[in-house]
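First comes the structure, then the notes that go with it.
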Amino acid sequence: MSNKQESLGETLKNLRKAHRMTQKMLAEGICAQSLISRVENNEELPNVVILQQICQRLDVTLDQLMQFESEEIHGRNDRFNKIHHHFIQKNYLKLAQLLKDESLLSTLYLEADFQRYDYYLSICAFHVDKKPIKALELLKKLSHRHITERV
């Protein structure tokens, strides 16, 4: 993390832009666009309900946003983008190498992150380790997480 601490507004703005969203897109169905503008300009703080909905739309936790950790969030997203790229390219060895980096696990917060991680692990178990049973077990774990999340 850099030495310069971002404000909540700066973090929100950076995350919104990283998702290629306008203020209007972020606000849609949650709040007025003007509120997003005031928050990004550090003129106002939204209530916790609105803040939680904004976090969900930006795929971050409230803790991450409140700790002004957009750099960490971007790092996690960049890692998953690289992982997904190797998956699309069917470069399963490189995919497996990226997943073995233990620091990746420490950046996962959201259930969706753990689900993606388990999914990619199952792909590696099948293609790299040649262990289809292990791959199925990981997929079952993924399926169980998905079911319990929806209940």
Side-chain angles (χ1 to χ4, degrees), residues 1-125 127-128 138-139 141-151:
M1 191 169 199
S2 66
N3 292 336
K4 180 185 174 284
Q5 179 110 14
E6 294 178 340
S7 68
L8 174 68
E10 290 170 322
T11 302
L12 181 64
K13 184 176 188 175
N14 289 336
L15 291 172
R16 176 181 57 77
K17 286 183 174 187
H19 280 78
R20 293 183 172 97
M21 298 174 87
T22 63
Q23 289 180 344
K24 183 177 182 178
M25 292 164 67
L26 179 58
E28 188 175 338
I30 297 175
C31 61
Q33 177 183 347
S34 61
L35 177 62
I36 300 294
S37 176
R38 289 191 306 273
V39 172
E40 288 184 358
N41 290 315
N42 297 307
E43 297 169 355
E44 187 173 339
L45 284 176
N47 70 47
V48 72
V49 173
I50 290 173
L51 206 50
Q52 182 62 41
Q53 291 173 331
I54 289 170
C55 287
Q56 286 179 322
R57 186 156 293 162
L58 293 173
D59 194 29
V60 297
T61 65
L62 190 55
D63 286 345
Q64 288 172 314
L65 183 65
M66 295 307 294
Q67 293 174 17
F68 316 129
E69 295 177 344
S70 69
E71 200 171 290
E72 177 184 321
I73 296 163
H74 291 308
R76 182 200 69 209
N77 290 343
D78 287 344
R79 290 171 101 171
F80 267 120
N81 287 338
K82 287 176 186 172
I83 287 168
H84 187 69
H85 172 77
H86 291 299
F87 169 71
I88 295 298
Q89 297 296 319
K90 297 182 180 179
N91 187 349
Y92 302 121
L93 286 173
K94 185 64 178 174
L95 176 63
Q97 288 175 338
L98 291 173
L99 292 173
K100 286 181 182 175
D101 182 354
E102 292 182 16
S103 66
L104 174 63
L105 276 175
S106 67
T107 66
L108 305 182
Y109 295 100
L110 302 172
E111 188 60 32
D113 293 337
F114 287 105
Q115 289 175 357
R116 285 192 291 181
Y117 180 79
D118 287 344
Y119 174 74
Y120 290 126
L121 278 180
S122 70
I123 297 299
C124 291
H127 289 285
V128 177
L138 286 164
L139 288 173
K141 178 180 172 184
L142 175 65
S143 176
H144 179 70
R145 273 190 175 159
H146 182 68
I147 291 168
T148 56
E149 179 182 281
R150 294 178 63 101
V151 171

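The heavy-atom pair separating Val128 from Tyr92 by the smallest distance is CG2-O, 3.4 Å. Ile30 approaches Leu26 most closely through the heavy-atom pair CD1-O, 3.6 Å. Heavy atoms only, all atoms of each residue included: Ser7 and Asn42 are closest at OG-ND2, 3.0 Å.
Interatomic distance, CG of Leu104 versus NZ of Lys82, reported as 11.5 Å (0.5 Å rounding). Rounding to the nearest 0.5 angstrom, the gap separating the NZ atom in Lys24 from the OG1 atom in Thr22 is 7.5 Å. In this structure, CD on Gln56 lies 11.0 Å from OG1 on Thr61, to the nearest 0.5 angstrom. Here the straight-line distance linking atom CG of Leu35 with atom CD of Glu40 works out to 10.0 Å at 0.5 Å rounding. Between the CD1 atom in Ile50 and the SG atom in Cys31 there is a gap of 5.5 Å [rounded to 0.5 Å]. Rounded to the nearest 0.5 Å, atoms CD (Gln53) and CG (Leu62) are 12.0 Å apart.
Between Arg57 and Glu28 there is no salt bridge, since no side-chain nitrogen of the basic residue lies less than 4.0 Å from a carboxylate oxygen of the acidic one. The residues Glu44 and Arg38 are annotated as salt-bridged, a charged nitrogen and a carboxylate oxygen being separated by less than 4.0 angstrom.
Proximity of Leu58 to Leu12: side-chain heavy atoms (C-beta onward) are separated by under 4.5 Å at one or more points. Leu65 is listed as a side-chain neighbour of Leu15, based on a closest heavy-atom distance under 4.5 Å.
Ser103 and Arg79 form a side-chain donor-acceptor contact under 3.5 Å, judged by distance and modelled atom types alone. At a cut-off of 3.5 Å, with distance as the only test, no side-chain donor of His86 or Tyr120 sits close to an acceptor on the other residue.
Residue-environment remark: CD (Glu102) stays at or below the threshold of 12 foreign heavy atoms within 6.0 Å.
Using cut-offs of 30° and 60° on the angle between ring planes, the pair Tyr119 and Phe87 is perpendicular.
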Verdict with supporting geometry, Leu139 and Asp118, side-chain contact (heavy atoms from CB on, under 4.5 Å):
CA-CA 7 Å; Leu139 288 173; Asp118 287 344; over 6 Å; no
